[in-house]
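These notes are about the structure you will find just below.
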Amino acid sequence: MDNRPIGFFDSGVGGITSIPHIMRLMPDERIIFFGDTARTPYGSKSEDTIRQFAAQIGDFLVSKGVKMIVIACNTVSATCLSMLRERFPGIPVIGVISPTAREISKLCGREDRIGILATRATVRSGAYEKKILEFSPGLKLFSRECPAFVPLIEEGIIDNEIMDLTVKYYLDDFVRENDINTLVLGCTHYPLIAGNIRRLYPDIKIISSSKEVATAVQMELESMDMLAEEGAGEGVENVFYASDLSESFVNMIERILKADAADLDIHFKNLDI
Ligand code: DGL
């Protein structure tokens, strides 16, 4: 048993989409989240810069005494997983790509035509294709970088025509030309626009990286006997740090988390990283 908090991070609000799944699966766990809102988006930055940011945030989470680091960001998982594992040898570090790839290989077969939607850095790293084909050689994979999604989502531009048009801009030709029947939301921001995608492409199956990482965290903690004790989560605070504690960050987190647990105790802190 281990009652220390789990540390999560993302470039912004995206990683939060995995938190409700964690809370449902493991209500006793305490969470420290860091959203690098001052420097988002990561997906259009160079690997060197993303690595430098990820190392700083890892150091910060470790200084807060976390028992595990969850990279709730596909871009960082694609580019920094081994660097972070080497930097923090005593702490399990979990990325989102491997659990999602495992789920894809369970749910899809050779007849499927799978479209991976992700940031530019994730698509260019080839990390999804590599992992998925390791689990299931022969699956038909197509990738599409969608760099405008994250800035719009961070601004809260979601349930409206602008986002619908942006989704169509990236997906109409991609889906038609490749005859896609499954879409992978390979960025933790994208579950926030899953409703738009579902509405515009109702026949396409959607697989999300945010959900799969929660199951991987639970399995890893269980296998290492590091789950929190029963009741340990009661009355403890979950803290959400941001490098720029903007109104949209606070609103978005409240909207995502309070939809699931209205009485949740959430604390926000600004951090100059
Ligand atoms: N949420 C992130 C991901 O899963 C990063 C988005 C970004 O900063 O570009 O890739």
Side-chain angles (χ1 to χ4, degrees), residues 7-22 33-54 56-58 69-81 83-84 93-101 103-104 115-131 143-158 163 166-167 170 183-194 197 206-214 216-217 240-244 246 248-249 252-253 256 273:
F8 286 77
F9 76 96
D10 181 41
S11 64
V13 296
I16 297 288
T17 55
S18 59
I19 307 285
H21 301 292
I22 296 275
F33 181 89
F34 181 84
D36 200 359
T37 45
R39 305 189 290 198
T40 195
Y42 280 11
S44 313
K45 295 191 168 59
S46 71
E47 281 198 20
D48 279 353
T49 301
I50 300 168
R51 268 197 212 105
Q52 187 195 324
F53 293 170
Q56 284 174 341
I57 298 167
I69 295 177
V70 182
I71 311 172
C73 173
N74 288 268
T75 306
V76 178
S77 303
T79 51
C80 308
L81 182 63
M83 179 277 284
L84 289 173
V93 179
I94 305 263
V96 276
I97 291 183
S98 191
T100 312
E103 190 62 12
I104 295 165
I116 301 159
L117 308 180
T119 64
R120 186 166 290 148
T122 301
V123 169
R124 296 197 180 173
S125 74
Y128 260 108
E129 283 88 343
K130 196 165 162 257
K131 251 308 155 215
S143 295
R144 179 73 163 122
E145 46 188 68
C146 311
F149 282 164
V150 169
L152 288 175
I153 293 169
E154 287 286 329
E155 268 308 314
I157 300 174
I158 293 175
M163 183 52 88
T166 314
V167 170
Y170 285 127
L183 283 172
V184 177
L185 306 184
C187 169
T188 51
H189 280 70
Y190 299 174
L192 294 165
I193 55 166
I197 299 176
I206 295 180
I207 298 173
S208 147
S209 55
S210 302
K211 183 162 171 258
E212 300 323 323
V213 73
V217 168
F240 293 84
Y241 291 90
S243 48
D244 176 27
S246 62
S248 55
F249 178 79
M252 192 72 86
I253 289 187
I256 299 167
I273 197 151

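Computation of the quantities below employed the complete heavy-atom set of this structure, encompassing side-chain atoms and omitting hydrogens, waters and symmetry-equivalent molecules. Atoms within a ligand are numbered from 1 in the order they appear, just like the ligands themselves. Numbers here simply count residues along the sequence, with the first being 1.
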> Pick from Thr49, Asp10, Asp36, Thr122: which one makes a side chain to side chain donor-acceptor pair (under 3.5 Å) with Tyr42?
Replying inline: Asp36
> Going through the distances and angles, do Thr119 and Asn74 end up as a side chain to side chain contact (heavy atoms under 4.5 Å, CB included)?
Replying inline: CA-CA 8 Å; Thr119 64; Asn74 288 268; over 6 Å; no
> Would Met252 and Ile158 satisfy side chain to side chain contact (heavy atoms under 4.5 Å, CB included), going step by step from the backbone distance to the final call?
Replying inline: CA-CA 11 Å; Met252 192 72 86; Ile158 293 175; 3.9 Å; yes
Extract all N/O-N/O pairs under 3.5 Å that connect ligand 1 to the protein, and present each with both atom names and the distance rounded to 0.1 Å.
| residue | atom | partner | partner atom | Å |
| --- | --- | --- | --- | --- |
| ligand 1 | 1 (N) | Asp10 | OD1 | 2.9 |
| ligand 1 | 1 (N) | Asp10 | OD2 | 3.4 |
| ligand 1 | 1 (N) | Thr188 | OG1 | 2.9 |
| ligand 1 | 1 (N) | His189 | ND1 | 2.7 |
| ligand 1 | 4 (O) | Asn74 | N | 2.7 |
| ligand 1 | 4 (O) | Asn74 | ND2 | 3.1 |
| ligand 1 | 4 (O) | Thr188 | N | 2.8 |
| ligand 1 | 4 (O) | Thr188 | OG1 | 3.2 |
| ligand 1 | 8 (O) | Ser11 | OG | 2.5 |
| ligand 1 | 8 (O) | Tyr42 | N | 2.6 |
| ligand 1 | 9 (O) | Tyr42 | N | 3.3 |
| ligand 1 | 9 (O) | Gly43 | N | 2.8 |
| ligand 1 | 10 (O) | Asn74 | N | 3.4 |
| ligand 1 | 10 (O) | Thr75 | N | 3.1 |
| ligand 1 | 10 (O) | Thr75 | OG1 | 2.6 |

> Are the aromatic rings of Phe33 and Phe240 close, with centres under 6.0 Å apart?
Replying inline: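 Distance test on ring centres: under 6.0 Å, yes.
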>> The test is side chain to side chain contact (heavy atoms under 4.5 Å, CB included); show your working for Val150 and Tyr190 and say whether it passes.
In response: CA-CA 8 Å; Val150 169; Tyr190 299 174; 4.2 Å; yes
>> Nearest 0.5 Å, please: how far is CG in Leu192 from CD1 in Ile157?
In response: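 Rounded to the nearest 0.5 Å, the CD1-CG separation comes to 13.5 Å.
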